[in-house]
Amino acid sequence: MSTELERAVTETVTEEELEALIGDRALARDDHKNAPGFVVRPDDVQDVLLDLREEAGFDHLSCVTAQQYEDRYESIYHLKKYADPTQEVSVVVPTSVDDPVSQTAEPVFRSADWAEREAFDLVGIDYEGHPDPRRILLPETWQGHPLSLDYDQEKPQIVTLTEHANPIQPDHRDEESDTMFLNIGPHHPATHGVLHVKTVLDGETVADVDPDIGYLHRSEEQMCQQGTYRHQIMPYPDRWDYVSAGILNEWAYARTAEDLADLEVPEYAQVIRTMSAELSRIASHMLALGTFALDVYGDFTAIFQYTFRDREIVQDILEDLTGQRLMFNYFRLGGVAWDLPEPREEFFAKVRDFLDDLPAKVAEYNDLVTSNEIFQIRCVDTGILEPEVAKQYGCTGPVARGSGIDYDLRRDDPYGYYPNLEWNVVTEDGCDNYSRVLVRMQEVEESAKIIEQCIDLLEEWPEDERNIQSNVPRTLKPDADTETYRAVEAAKGELGIYIRSDGTDKPGRFKIRSPSFHNLSALEEMTKGEYIPDLVASLGSLDIVLGEVDR
Amino acid sequence: MSNEPRQQIYDSTAPSTDTRESRMGEGVDDRFNSKLREAFGASPFILTKFDNFMNWVRGSSMFMLQFGIACCSIEMIHSYAIKHDLDRFGAGVPRASPRQADVMIVPGTIVSKFGPRMKRVYDQMPEPKFVVGMGSCTISGGPFQQGYNVVKGAEEIIPVDIHVPGCPPRPEALIYGVAKLQERIANGESSPVVVKPYELEEFGDLPRDELVQKLADQIDEDDLVMRYNWADSP
């Protein structure tokens, strides 16, 4: 059986085989631009998803999109394979407007837990059999579902400020145990923003963890649905993962919209995109390292300040390139906003100086952080996340690679200029907090390799072939009912976007698949039964950013 | 053997004595006395209003609340960190507890769920307290103003002394804003509150409208709630 499954995981599944596998359960086809789509009945969801996972090897529920049409609600399950993310399939589940009830996918994929809660919260589809059908982003007392069609946002709302009740209190009322309920956040130095972790402690051991999110839910999807494709959406991705990883996020939108409207990107622009994206990744990982050191041993003086020193250099370079320190707004559909700054030699020299200094700095970080005994005691073998569990929760990025999952969209689902460059995907098998830090530090070195090759290419590029944008119509109106889901490897993992066009110059539905959201959902698995300081370390090693968790 | 120290010890202590003498001069230690002190004469005193003195002291030593909300907090951290170093202006020590802080920098978008919490954190700060609103979101909701969940500016919830525009403002802009706040404090100026803020109220005290009726079985009478009137927001 296991060999058969392995065969299914690695081998390409053709559309005919998928049709045969789903058989009569498929009511119709609803193909998306990225993947074949099968329409199934609301009570067949678990059945079909289980078959796709067990028989065809689709072990990654990448995203759950919910949306409302005039005549129906629809949940879309975007499935992929960790071994080969270019193989995709969408399961489309329509439900009626009067009674939007659909079977939950939670028993098959744990990542559906939070994803379906979000779908219920924002769109209003009920998932039958869901273990925890609460709102997730909006307050529990909220009226209405903001992304449904009949929502009136002028109506007043009431939000409570109450002490949160102990989620497992009834089970722990016996005389043996003596648990304590602890609110961590939403205003707390260790939560990296406005995250609220409801924690139940038994002595010093964590008995239960329930992350409460939504304190930074800025209606990003609504904002993107109100903007035009060509210009008005691009500034928003910068603000999802705001840890100066803006360019990586812009690429997610650029890739999806370019796929939707069949736009070409000139090769020269691809090189610039690749270079700037990797600079962003370095800046983001530097912050992850600095704040992790701050969490683990309160080092506000040395390591934290060193990482910020290096971030300043990267931000200077990016400011020269894009004109902004943090919110770059540099990509355009079909290319980038402008060419490298003049004089080009000065820019190249600046980047090369940074790259030349980087190995010494990485060595310094290794001396200071990873070979530090206290650090190792705090991090090695704490916050264990087994690869199978990580896959169930849809973890991606450094969190997945720290658990030995060899999954990187830059290589596995190639885009940009990555396929033409020499670099490696970093994985570590430790599955603990330490491995996740190691992965990030090595990725900084790999990013430096990529930037160096891009600089070499850009220096040699003939002057009359420096084409930074292809021809894109001033008003972009993709054909009605074109749907696509595309993802890129952002700093925190797989950042995907689903867009459905409705024939106008604005998207009909814009759904963001955020890596931090899914990584954070695995926190409970990592920390239950561990000590409370390890909870803080695990949270730090996940490197979440709340702008992206809540969107 | 005499009681005198050996020769090499004599020698070795000489340089430090030299340094000390050149720094402090001969005679009685007067290192705390500046040139200004000399100009005032033998036993100077200053006549000033106590309030002026207190304002000057307050402005010159400010403890910030370590308060990260959204994108602007990254630039706020950069203002604290090396290169920009807000500490140079006597305002650089972030305190994790609101009970120890007297300036709150609000760095980011405030959404409905966070509003009551921010109000509570603000209420926990001891008087006198000051607020710097950082970024467009704290002025009007910024790029997210039309969002269904976004409070249209920090001033809807707490009084704000200084607004720093930008999305996000550069660290230099934030430092300028803090310097301006220090100036205002030193001059004893206060900012007028022009917006009627959302208040934390007991649920039972709210007027019995349709929404309150609907939520009556979900919320206790004495729970604190915040009621958002989105239609009245600017």
Side-chain angles (χ1 to χ4, degrees), chain A residues 137-144 146-147 151 153-162 185-194 196 212-220 222-223 226 235-236 238-239 242-244 287 290-291 300 304-309 311-312 315 325-327 546-547 550, chain B residues 65-75 77-78 80-84 94 96 98 108-121 137 141-144 146-150 167-168 170-171 200 203 206 209 211-212 214-215 218-220 223-232:
Chain A
L137 294 172
L138 290 167
E140 303 226 348
T141 51
W142 199 263
Q143 301 296 307
L147 294 183
Y151 182 71
Q153 82 176 65
E154 298 284 289
K155 284 201 172 152
Q157 299 282 353
I158 292 179
V159 177
T160 58
L161 174 78
T162 42
H187 162 235
H188 188 275
T191 52
H192 294 214
V194 281
H196 174 202
D212 175 24
I213 61 176
Y215 292 95
L216 194 51
H217 175 55
R218 312 190 266 198
S219 1
E220 299 266 15
Q222 181 204 12
M223 293 292 103
Q226 288 175 2
Y236 285 101
D238 284 318
R239 288 159 180 82
Y242 46 73
V243 187
S244 95
L287 186 118
T291 51
F300 190 67
F304 186 78
Q305 302 284 348
Y306 285 0
T307 54
F308 272 77
R309 170 198 67 190
R311 267 177 63 85
E312 283 285 352
Q315 286 196 319
R325 276 171 58 88
L326 204 61
M327 302 300 171
L546 269 299
D550 296 345
Chain B
L65 178 65
Q66 184 180 341
F67 192 52
I69 302 180
C71 334
C72 285
S73 58
I74 303 294
E75 289 295 65
I77 299 169
H78 273 275
Y80 289 135
I82 54 174
K83 187 170 172 189
H84 297 102
T109 322
I110 301 137
V111 304
S112 66
K113 205 171 173 180
F114 195 60
R117 275 83 188 169
M118 186 173 77
K119 178 80 175 167
R120 171 53 63 90
V121 170
C137 292
F144 304 102
Q146 288 155 21
Y148 51 81
N149 194 28
V150 176
C167 190
R170 301 175 61 89
L200 278 174
F203 184 66
L206 290 179
D209 59 7
L211 177 61
V212 173
K214 218 171 179 179
L215 287 168
Q218 280 185 52
I219 307 176
D220 283 346
D223 273 355
L224 287 176
V225 297
M226 191 172 269
R227 187 179 188 283
Y228 296 100
N229 293 321
W230 302 113
D232 300 343

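Below, chain A is the first sequence line, B the second, and so on; all start at residue 1.
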So which residue, [options], ends up with the most heavy-atom pairs under 4.5 Å with chain A?
{"options": "B:N229, B:V121, B:L206, B:T109", "answer": "B:T109"}
{"options": "B:P94, B:G68, B:S73, B:C167", "answer": "B:C167"}
{"options": "B:G115, B:C137, B:P98, B:P116", "answer": "B:P116"}
{"options": "B:F203, B:Y228, B:Y80", "answer": "B:Y228"}

| Side chain, backbone, both or neither: which part of B:L200 has a heavy atom under 4.5 Å from chain A? | side chain
| said: Quick check on B:I69 against chain A: is it the side chain, the backbone, both or neither that has a heavy atom closer than 4.5 Å? | reply: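 Backbone plus side chain of B:I69, per the 4.5 Å heavy-atom cut-off to chain A.
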With a 4.5 angstrom heavy-atom cut-off, which part of [X] approaches chain B: side chain, backbone, both or neither?
{"X": "A:I213", "result": "backbone"}
{"X": "A:Q315", "result": "side chain"}
{"X": "A:L216", "result": "both"}
{"X": "A:L138", "result": "both"}

| message | If I compare all heavy atoms of B:F114 with all of A:P186, which pair ends up nearest, and what's the gap? | response |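 For B:F114 versus A:P186, the nearest heavy atoms are CE1-CB, 4.0 Å.
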| Which heavy-atom pair separates A:L326 from B:C71 by the least distance, and what is that distance? |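 In this case the closest contact between A:L326 and B:C71 is CD2-O, 3.9 Å.
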Is there side-chain contact between [X] and [Y], with heavy atoms separated by less than 4.5 Å?
{"X": "A:R311", "Y": "B:I77", "answer": "no"}
{"X": "B:Y148", "Y": "A:L147", "answer": "yes"}
{"X": "A:H187", "Y": "B:R117", "answer": "no"}

Please determine, among [options], the option with the most heavy-atom pairs under 4.5 Å with chain B.
{"options": "A:L287, A:I158, A:T141, A:T160", "result": "A:I158"}
{"options": "A:S219, A:P235, A:G214", "result": "A:S219"}
{"options": "A:R239, A:M327, A:R218", "result": "A:R218"}

| request: For A:F308, check ring pair (Phe, Tyr, Trp, His ring centres under 6.0 Å) against everything at least two apart and list the hits. | output: A:F304, B:H78
Can any side-chain N or O of [X] pair as donor or acceptor with the backbone N or O of [Y] at less than 3.5 Å?
{"X": "A:H188", "Y": "B:A96", "result": "no"}
{"X": "A:Y236", "Y": "B:P143", "result": "yes"}
{"X": "B:Q146", "Y": "A:Q222", "result": "no"}

| Short N-O contact, A:D550 and B:K113, less than 4.0 angstrom |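 Salt bridge between A:D550 and B:K113, a charged N being under 4.0 Å from a carboxylate O: no.
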| query | Does A:Q143 have any side chain to side chain contact (heavy atoms under 4.5 Å, CB included) partners at least two apart in sequence or in another chain, and if so, which? | reply |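 A:Q157, B:L211, B:K214, B:L215.
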| query | When the ring planes of A:W142 and B:W230 are compared, do they come out parallel, tilted or perpendicular, using 30° and 60° as the limits? | reply |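 Taking B:W230 first and then A:W142, their aromatic rings sit tilted (interplane angle of 30° to 60°).
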| field | Within 6.0 angstrom of A:K155 NZ, more than 12 heavy atoms from elsewhere | value |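 Not buried by this count: 12 neighbours or fewer within 6.0 Å.
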